[in-house]
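Here's the structure we're looking at; comments come further down.
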Amino acid sequence: GQQLNQSPQSMFIQEGEDVSMNCTSSSIFNTWLWYKQEPGEGPVLLIALYKAGELTSNGRLTAQFGITRKDSFLNISASIPSDVGIYFCAGQLAGNTGKLIFGQGTTLQVKP
Amino acid sequence: DAGITQSPRHKVTETGTPVTLRCHQTENHRYMYWYRQDPGHGLRLIHYSYGVKDTDKGEVSDGYSVSRSKTEDFLLTLESATSSQTSVYFCATSTDFGTDTQYFGPGTRLTVL
């Protein structure tokens, strides 16, 4: 089936550092979504992107919809301990019926 | 969070037994989804519903069935549970199919012994 390649798989950083993660695919997407999941909970939507080139911020988080429509990145600035969790990208394929495809996730750990 | 609840939150069962997981939403969202989450695989779509009594298969539907008799409830049934169905199951809802975002429930951890 279709795949999203999300990288890195995990990150262990110092509090205050900036973080960057991305998702790539060989397919074209209409929508990119970024979710965060904390232990024992379901994923929570962080940012939604609907247009190629779109750059959207949510507090310290910034995400962009790649101009080729095959990739997206998420940046977290000045990380804090509560940023810990698993971050997932999800995309809806162009021409698809609307089903989302999820990346494998990036596990973020922040050292105080 | 779209007022999504899942029950049970945890279940341990034996191979060969039937299991039903329930998803309940209070937001009147038209679309509902069942995913499973396994290490290294992210979230994979099992089945989805685009209205009462309207359902379709997702990526990993073998061994699962669903039913939706009311807008607010979406049931996932494992007719005869197998150890490979040990996973965390998430329900999600959305108001639109395609451009809208999906909101997730808290998950059900199922262990099949």
Side-chain angles (χ1 to χ4, degrees), chain A residues 1-10 21 23-25 27-52 54 56 58 63 65 69 72 85-107, chain B residues 1-10 21 23-25 27 29-51 54-62 87-109:
Chain A
Q2 301 290 343
Q3 276 196 317
L4 285 181
N5 299 311
Q6 185 171 349
S7 65
Q9 284 191 342
S10 63
M21 60 191 78
C23 276
T24 62
S25 176
S27 301
I28 292 174
F29 287 83
N30 279 340
T31 302
W32 284 99
L33 306 170
W34 284 93
Y35 288 87
K36 179 187 178 186
Q37 185 179 26
E38 298 187 11
E41 298 182 9
V44 174
L45 182 69
L46 298 173
I47 292 178
L49 303 160
Y50 300 108
K51 278 173 44 177
E54 181 179 356
T56 298
N58 178 7
F65 193 144
R69 297 171 65 191
S72 177
I86 304 176
Y87 293 79
F88 290 98
C89 64
Q92 182 228 332
L93 287 167
N96 193 260
T97 55
K99 290 176 276 189
L100 291 181
I101 299 172
F102 284 81
Q104 301 95 326
T106 296
T107 300
Chain B
D1 62 2
I4 304 170
T5 57
Q6 293 184 232
S7 59
R9 293 294 313 278
H10 302 271
L21 308 183
C23 177
H24 179 78
Q25 56 128 337
E27 297 296 315
H29 286 177
R30 178 180 174 184
Y31 299 93
M32 298 186 75
Y33 313 81
W34 276 107
Y35 291 89
R36 59 178 290 173
Q37 184 176 38
D38 304 289
H41 290 279
L43 287 144
R44 293 180 292 174
L45 183 66
I46 305 172
H47 281 281
Y48 63 98
S49 169
Y50 44 97
D54 291 323
T55 65
D56 204 350
K57 295 179 180 179
E59 178 187 0
V60 289
S61 59
D62 287 348
S87 186
V88 181
Y89 291 86
F90 288 98
C91 174
T93 72
S94 66
T95 57
D96 195 4
F97 196 53
T99 58
D100 199 25
T101 58
Q102 294 183 17
Y103 299 92
F104 285 82
T108 294
R109 182 172 293 278

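In this text, all values refer to a predicted model and were calculated from it rather than measured experimentally. Side chains included, hydrogens not; waters and symmetry mates left out as well; all remaining heavy atoms used. Throughout, protein chains are lettered first and strands after them, A, B, ... in sequence-line order, and every chain is numbered starting at 1.
No side-chain heavy atom of B:Gln25 sits under 4.5 Å from any side-chain heavy atom of B:Tyr103. Using a 4.5 Å heavy-atom threshold, the side chains of B:Cys23 and B:Met32 count as touching.
Side chain of A:Gln9 to backbone of A:Gln104: no donor-acceptor contact under 3.5 angstrom is found. Put simply, the side chain of B:Arg30 gets close to the backbone of B:Tyr50: a donor and an acceptor are under 3.5 Å apart.
Of the two parts of B:Gln37, only the side chain, counted from C-beta on, holds a non-hydrogen atom closer than 4.5 Å to a non-hydrogen atom of chain A. In this structure, the portion of A:Glu41 lying under 4.5 Å from any heavy atom of chain B is its backbone and not its side chain. Contacts of B:Leu45 with chain A are made by side-chain atoms alone, with heavy-atom separations under 4.5 Å and no backbone atom involved. Contact annotation for B:Arg9: only side-chain heavy atoms (C-beta onward) come within less than 4.5 Å of a heavy atom of chain A.
The candidate from A:Ala48, A:Pro43, A:Gly105 with the greatest count of non-hydrogen atom pairs under 4.5 Å with chain B is A:Pro43.
Considering all non-hydrogen atoms of both residues, A:Gly103 and A:Phe88 come closest at O-CD2, 3.4 Å.
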